[in-house]
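The structure appears below as structure tokens.
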Amino acid sequence: MLWAAQLQRSRRGLFSRSPVRRLAALGYLGGRPGVETARLLQDYVKWEAQPTLRKRGQHLLRRMEAHLD
């Protein structure tokens with residue numbers, strides 16, 4: 001239950017208007033590998049307009065996928 005609440009907060013931060021919040025959410029999610037996190041990162045990478053943050057999201061997604069394989 002605690003994990004679901006934290007994931008929900010991270011999801012809100014990940015799609016925030018604030019680039020700083022998005023960066024913080026990426027940092028949090030980077031330490032929590034899992035299928036749900038990978039799916040969330042896939043959506044984020046498609047959505048993110050800032051190249052620097054999108055690249056960071058892609059890097060984390062590749063790392064998640066490697067961890068899950």
Side-chain angles (χ1 to χ4, degrees):
M1 188 170 198
L2 183 62
W3 166 250
Q6 187 60 39
L7 188 61
Q8 183 65 21
R9 279 191 292 276
S10 294
R11 181 176 289 131
R12 281 194 305 267
L14 199 58
F15 294 97
S16 169
R17 289 184 184 189
S18 168
V20 174
R21 283 191 181 194
R22 294 195 309 264
L23 182 61
L26 284 172
Y28 174 80
L29 291 173
R32 277 119 189 114
V35 174
E36 285 297 317
T37 304
R39 287 182 186 144
L40 183 58
L41 285 171
Q42 285 175 338
D43 292 341
Y44 172 75
V45 167
K46 291 176 189 173
W47 175 84
E48 181 58 67
Q50 281 194 334
T52 305
L53 291 174
R54 187 174 49 247
K55 286 178 185 176
R56 176 70 179 144
Q58 289 169 333
H59 172 76
L60 289 174
L61 179 57
R62 283 192 301 270
R63 201 173 84 200
M64 293 279 165
E65 290 170 342
H67 178 77
L68 294 172
D69 283 340

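- Evaluation of the salt bridge (Lys or Arg N to Asp or Glu O under 4.0 Å) test over residues 58-69, restricted to residues two or more places apart or in two chains, returns none.
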Contacts under 3.5 angstrom, residues 40-48 side chains, donor-acceptor by atom type, not counting sequence neighbours:
unit_1: Tyr44; atom_1: OH; unit_2: Glu48; atom_2: OE1; d: 2.6
unit_1: Glu48; atom_1: OE1; unit_2: Arg22; atom_2: NE; d: 2.8
unit_1: Glu48; atom_1: OE2; unit_2: Arg22; atom_2: NH2; d: 3.2
unit_1: Glu48; atom_1: OE2; unit_2: Gln50; atom_2: N; d: 2.9

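- Residues Leu14 and Leu29 meet the side-chain proximity criterion, which asks for heavy atoms closer than 4.5 Å.
- Nearest heavy atoms, Ala25 versus Gly13: CB-C, 3.8 Å.
- Pairs engaging residues 48-69 under the ring pair (Phe, Tyr, Trp, His ring centres under 6.0 Å) rule: none recorded [sequence neighbours left out].
- Remark: Arg39 pairs with Glu36 by the side-chain hydrogen bond (donor to acceptor under 3.5 Å, both in side chains) rule, at least two apart or across chains.
- Across all non-hydrogen atoms, the minimal contact from Met64 to Gly34 is SD-N, 3.8 Å.
- Here the side chain of Arg21 pairs no donor or acceptor atom with the backbone of Arg17 at under 3.5 angstrom.
- Residues meeting the side-chain contact (heavy atoms from CB on, under 4.5 Å) test with Thr52, sequence neighbours left out: none.
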